[in-house]
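In what follows, a single structure is set out as structure tokens and then discussed.
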There are 2 protein chains.
Amino acid sequence: MKRALQTYVDGFAKGDAAMVTALFAADAVVEDPVGNPPVSGRAAIEEFYRNAIGSGARLTLDGPIRGSHGNAAAMALTVEVPGADLRIRVIEVMTFDDHGKIVEMRAYWGPDDVVQ
Amino acid sequence: MKRALQTYVDGFAKGDAAMVTALFAADAVVEDPVGNPPVSGRAAIEEFYRNAIGSGARLTLDGPIRGSHGNAAAMALTVEVPGADLRIRVIEVMTFDDHGKIVEMRAYWGPDDVVQ
């Protein structure tokens, strides 16, 4: 699971939305930020990450990725959006199926986690 | 919500299990670590935090507490257990009810997040 999260970060660094999307199960759900309507299904998720990566967003881990004693892992990161001169402080939690694919991604950040 | 999470950290620093427990709703659930059987109800939760604080555990935030656009907040922290000479790297996610009380705490850490 930690390897998948690292691949997710690496996929962003390479600008490779397909690499990121391949980590997700076909019926996965992405809720980013938590509280907004979720993005459901791999096609919509690929579009979501294509847009995110297309915006120039760059991810930096704020510390080691955390695992669990169950089917989930989590990481704290800072998302830089160079064009908009913004940074967003995020904690992302991923839940996995038995095949090691992400079935749910929840990104915790609120309005005051967006800083200049 | 962020203030509640900060109070949680401060309660640990003061060794005050009642201060930490007061943040939770009567029927709250604590899953720490995620994947272990949850602790349910405020009496069991108070016992859980009394034991945790009694062990000498000290919490340090690894970065700013994150909010959300919904009813949840999250933080990355390091738990030091001085007697056991251990550190545990954790991400905790708290979900709140309409009264601002925590109804669910989920702590993400796995065996390899425990370091010496």
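Letters A, B, ... are given to chains in the order of the sequence lines, protein chains preceding strands, and every chain is numbered from 1.
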Original post:
What is the minimum heavy-atom distance between Val79(B) and Ala57(B), and which atoms define it?
Top reply: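 The answer is CG1-CB, 4.0 Å.
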
**OP:** Grab the two heavy atoms, one from Ala73(A) and one from Met1(A), that are nearest each other, plus how far apart they are.
**Re:**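 Where Ala73(A) meets Met1(A) most closely, the heavy atoms are CB-CB, 4.0 Å.
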
Side chain / backbone / both / neither for [X] at chain A, heavy atoms under 4.5 Å:
X        : result
Asn71(B) : neither
Val93(B) : side chain
Ile88(B) : neither

Original post:
Do Tyr49(B) and Tyr8(B) have ring centres separated by under 6.0 Å?
Top reply: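 Tyr49(B) vs Tyr8(B): aromatic centres under 6.0 Å.
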
Original post:
Most heavy-atom pairs under 4.5 angstrom with chain B, which of Ala72(A), Pro64(A), Gly63(A)?
Top reply: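 Going by pairs under 4.5 Å, I would pick Pro64(A).
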
**OP:** Report the option among Ala107(A), Pro111(A), Gly70(A), Ser68(A) that has the most heavy-atom pairs separated by less than 4.5 Å from atoms of chain B.
**Re:**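 Greatest number of close heavy-atom pairs with chain B: Ser68(A).
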
**OP:** Decide yes or no on side chain to side chain contact (heavy atoms under 4.5 Å, CB included) for Thr60(B) and Leu77(B), but give the supporting numbers first.
**Re:** CA-CA 5 Å; Thr60(B) 309; Leu77(B) 37 82; 6.0 Å; no

**OP:** State plainly whether one hydrophobic cluster holds both Ile45(A) and Leu5(A), where clusters connect Ile, Leu, Val, Met, Phe, Trp and Tyr through side-chain heavy atoms under 4.5 angstrom apart.
**Re:**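 Linked, Ile45(A) and Leu5(A) end up in one cluster.
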
Original post:
Relative to chain A, which of Gly35(B), Ala76(B), Gly67(B) shows the most heavy atom pairs under 4.5 Å?
Top reply: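 That would be Gly67(B).
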
